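Here's the structure we're looking at; comments come further down.
Each chain gets a letter, A, B and so on, in the order its sequence line appears, and its residues count up from 1. For the numbers below, each heavy atom of this structure counts, side chains included, while hydrogens, waters and symmetry mates do not. Small disclaimer: the values here were computed from a predicted structure and weren't measured.
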Protein chains: 2
Amino acid sequence: MELDKAIAALNNPVRRNILMWLKDRSNFPPALPEHGDLEGVCVQYIREKANLSQSTISNYMGVLKHAGLVASERHGQWTFYRRNEEAIRTLLAAIEEELLNS
Amino acid sequence: MELDKAIAALNNPVRRNILMWLKDRSNFPPALPEHGDLEGVCVQYIREKANLSQSTISNYMGVLKHAGLVASERHGQWTFYRRNEEAIRTLLAAIEEELLNS
DNA sequence: TATATAAATCGATATATTTCGATATATGGA
DNA sequence: TCCATATATCGAAATATATCGATTTATATA
């Protein structure tokens, strides 16, 4: 957990929104039938919700992924992104530790 | 509490260090006798600890102050900065809420 | 194999941030 | 009042970030 990179990833309202949206699959259109059993949301759906270009969203997902805050899984042409809950909790704990303790 | 501004303020390792240092007055040289009863640390001491220019530190303290994370009090030629513990706790709660809940 | 679609990468421009030195503004003291 | 010191502000250069459209890459399918 590189705090620096994670905080930088959070330092953008759209990326924070994406993390929030990903808490609940129902923020996005229903999964295709053949993807029903997969976790995560494809870039296209995130793009539509954020209303930014495909390249921007791909970039943002890369930033979130390099920060460890999301994980991705490729299935066919699609990349499905989902929150990394453990990393998010670890980050919160680290920020709290740094800001409050010792 | 403007989350955006507060996260931006945290998105710099020196500013985060300053917030950490300010947790404990003993991270800085002792206060002058005539300042013994004042809370906070003057810009000069913070500057020495951070080893950056005076203008940079003055700027950083302004960023932290506009984000609400520190408060300042002028006494004579000196401005004493101290943590705003309540605002820091509020910020942590807001980040946690945004990242984890609902 | 040719084509369509999803996602990633590239290159560019506009804007923001970091950091500095120089200057301006308080304030306190000789 | 004049000077020294603490801080704030200004203007600039270097670097980083946001965001785009175009291109490339991977995959699926006709």
- For B/S58 and B/S55, test the side chains for any donor-to-acceptor distance below 3.5 angstrom and give the result as yes or no.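 Judged by distance alone, the side chains do not pair up.
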
- Message: Can you list, in residue-number order, the parts of residues 14-29 of chain B that come under 4.0 Å of DNA chain D, counting heavy atoms only?
- Response: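 Nucleic-acid contacts, sorted: none.
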
- Task: List for me each residue that meets ring-ring contact (aromatic ring centres under 6.0 Å, His included) alongside A/H35, sequence neighbours excluded, and say none if there are none.
- Result: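 A/W78, A/F80.
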
- Message: Using the ring-ring contact (aromatic ring centres under 6.0 Å, His included) criterion, which residues pair with B/H66? Sequence neighbours excluded.
- Response: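 With sequence neighbours excluded, B/H66 shows a ring-ring contact (aromatic ring centres under 6.0 Å, His included) to no residue whatsoever.
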
- Taking for each residue the nucleotide of DNA chain D bearing the nearest heavy atom, is the 5' side occupied by A/N51 or by A/A8?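 Closest to the 5' end, via its nearest nucleotide, is A/A8.
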
Specify the separation, in whole Å, of atom [atom1] of [X] and atom [atom2] of [N].
X	N	atom1	atom2	value
A/E48	C/dA7	CD	C1'	14 Å
B/L52	C/dT18	CG	C1'	9 Å
A/D4	C/dT18	CG	C1'	14 Å
A/E73	C/dA6	CD	C1'	16 Å
B/E34	C/dT27	CD	P	17 Å
A/I46	C/dA6	CD1	P	14 Å
A/L32	D/dT29	CG	P	12 Å
B/I7	C/dA16	CD1	P	18 Å

- Under the salt bridge (charged side-chain N to carboxylate O under 4.0 Å, His left out) test, residues paired with B/E86 that sit two or more places apart: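 If we apply the salt bridge (charged side-chain N to carboxylate O under 4.0 Å, His left out) test to B/E86, skipping adjacent residues, there are no hits.
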
- By salt bridge (charged side-chain N to carboxylate O under 4.0 Å, His left out) - contacts of B/E96 (at least two apart):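 B/E96 satisfies salt bridge (charged side-chain N to carboxylate O under 4.0 Å, His left out) with no residue once adjacent residues are dropped.
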
- Task: Measure the shortest side-chain to side-chain distance between B/V70 and B/R82 over non-hydrogen atoms and say whether it is less than 4.5 angstrom.
- Result: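 No - every pair of side-chain heavy atoms lies 4.5 Å or more apart.
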
- Query: Between A/L69 and A/L64, is any pair of side-chain heavy atoms under 4.5 Å apart?
  - Reply: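 Of all side-chain heavy-atom pairs linking A/L64 with A/L69, at least one is under 4.5 Å.
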
- Is the number of heavy atoms from other residues, nucleotides or ligands under 6.0 Å of A/E97 CD greater than 12?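 Check passes, neighbour count above 12.
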
- State whether the side chain of B/N27 and the backbone N or O of B/D24 hold a donor-acceptor pair below 3.5 Å, judged by distance alone.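 At least one qualifying donor-acceptor pair exists.
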
- Task: Scan nucleotides 6-13 of chain D nucleotide by nucleotide, 5' to 3', and note B when protein non-hydrogen atoms come under 4.0 Å of the base, S if they reach only the sugar-phosphate, - if neither.
- Result: SBBB----

